[in-house]
Amino acid sequence: MAGKPEKTVTITVNQDDHEVAKEKISYDEVVAIYLSDGGAGSNEYLIKYSRGHSNNVSGTLAPGNEVMVKDGMRFRVSGTGES
């Protein structure tokens, strides 16, 4: 909708807080945040999340997927060991 103000929420990727102005975040976007924080490069990443919405409080974010974000949501990113 035009003119609708962007709502920002604060999420934590590993130990770092980030403000995102969206309702959903994709696997690729979480990886990009992780790498911008100095995370180690890898061919694949395992992304686990917690403190999400009530219908999706915690789980794993797979490549090509996205998840609804909410304030205080936490993401844990780790490389799968393949370089």
Side-chain angles (χ1 to χ4, degrees):
M1 285 191 235
K4 182 180 170 192
E6 292 265 22
K7 182 183 82 155
T8 63
V9 295
T10 301
I11 62 170
T12 303
V13 177
N14 290 6
Q15 301 300 319
D16 298 304
D17 291 343
H18 294 273
E19 280 202 359
V20 292
K22 50 182 48 192
E23 294 181 356
K24 292 182 178 182
I25 195 164
S26 71
Y27 171 93
D28 290 337
E29 289 167 326
V30 175
V31 168
I33 291 170
Y34 167 74
L35 293 174
S36 75
D37 285 342
S42 180
N43 282 346
E44 285 187 46
Y45 299 90
L46 177 64
I47 302 175
K48 294 185 176 181
Y49 62 87
S50 60
R51 300 187 187 174
H53 283 277
S54 57
N55 62 341
N56 212 5
V57 174
S58 63
T60 303
L61 183 57
N65 289 351
E66 56 184 24
V67 66
M68 295 284 288
V69 292
K70 72 176 246 189
D71 208 43
M73 194 167 180
R74 302 178 81 78
F75 293 87
R76 183 85 196 142
V77 182
S78 57
T80 59
E82 312 232 344
S83 57

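If you read the sequence from its start, that first residue is 1, and numbering goes on from there. The model shown is predicted, which means the values in this text are computed figures rather than measured ones.
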Exercise. Between Tyr34 and Ala40, is there a donor-acceptor pair closer than 3.5 Å when you use the side chain of the first and the backbone of the second?
Worked result: yes
Show me the donor-acceptor pairs within less than 3.5 Å that the side chains of residues 52-74 make with the rest of the protein, sequence neighbours left out.
from: His53; atom 1: NE2; to: Val69; atom 2: O; distance (Å): 3.0
from: Asn56; atom 1: OD1; to: Tyr49; atom 2: OH; distance (Å): 3.0
from: Asn56; atom 1: ND2; to: Tyr49; atom 2: OH; distance (Å): 3.2
from: Asp71; atom 1: OD1; to: Thr10; atom 2: N; distance (Å): 2.7

Problem set entry | Side-chain heavy-atom pair Arg51, Thr12 within 4.5 angstrom cut-off | no
Problem set entry | Inter-residue atom distance Glu19.CD - Lys7.NZ, 0.5 Å rounding | 12.0 Å
Exercise. Can you list the steps and then say if Glu29 with Val20 is a side-chain contact (heavy atoms from CB on, under 4.5 Å)?
Worked result: CA-CA 10 Å; Glu29 289 167 326; Val20 292; over 6 Å; no
Exercise. Between CG of Asp28 and OH of Tyr45, what distance do you get to the nearest 0.5 Å?
Worked result: 10.5 Å
Exercise. Can Ile25 and Ile11 be said to form a side-chain contact (heavy atoms from CB on, under 4.5 Å), step by step?
Worked result: CA-CA 10 Å; Ile25 195 164; Ile11 62 170; 3.8 Å; yes
Seminar exercise, completed: Closest heavy-atom pair, Lys22 versus Lys24, reported as atoms and distance to 0.1 Å, is CD-O, 2.9 Å
For this session: Kindly give the heavy-atom pair with the smallest separation between Ala21 and Thr8, and that separation in Å.
Result: CB-CG2, 3.7 Å
Problem set entry | Spacing of Ile47 atom CD1 and Asn14 atom CG [to the nearest 0.5 Å] | 9.5 Å
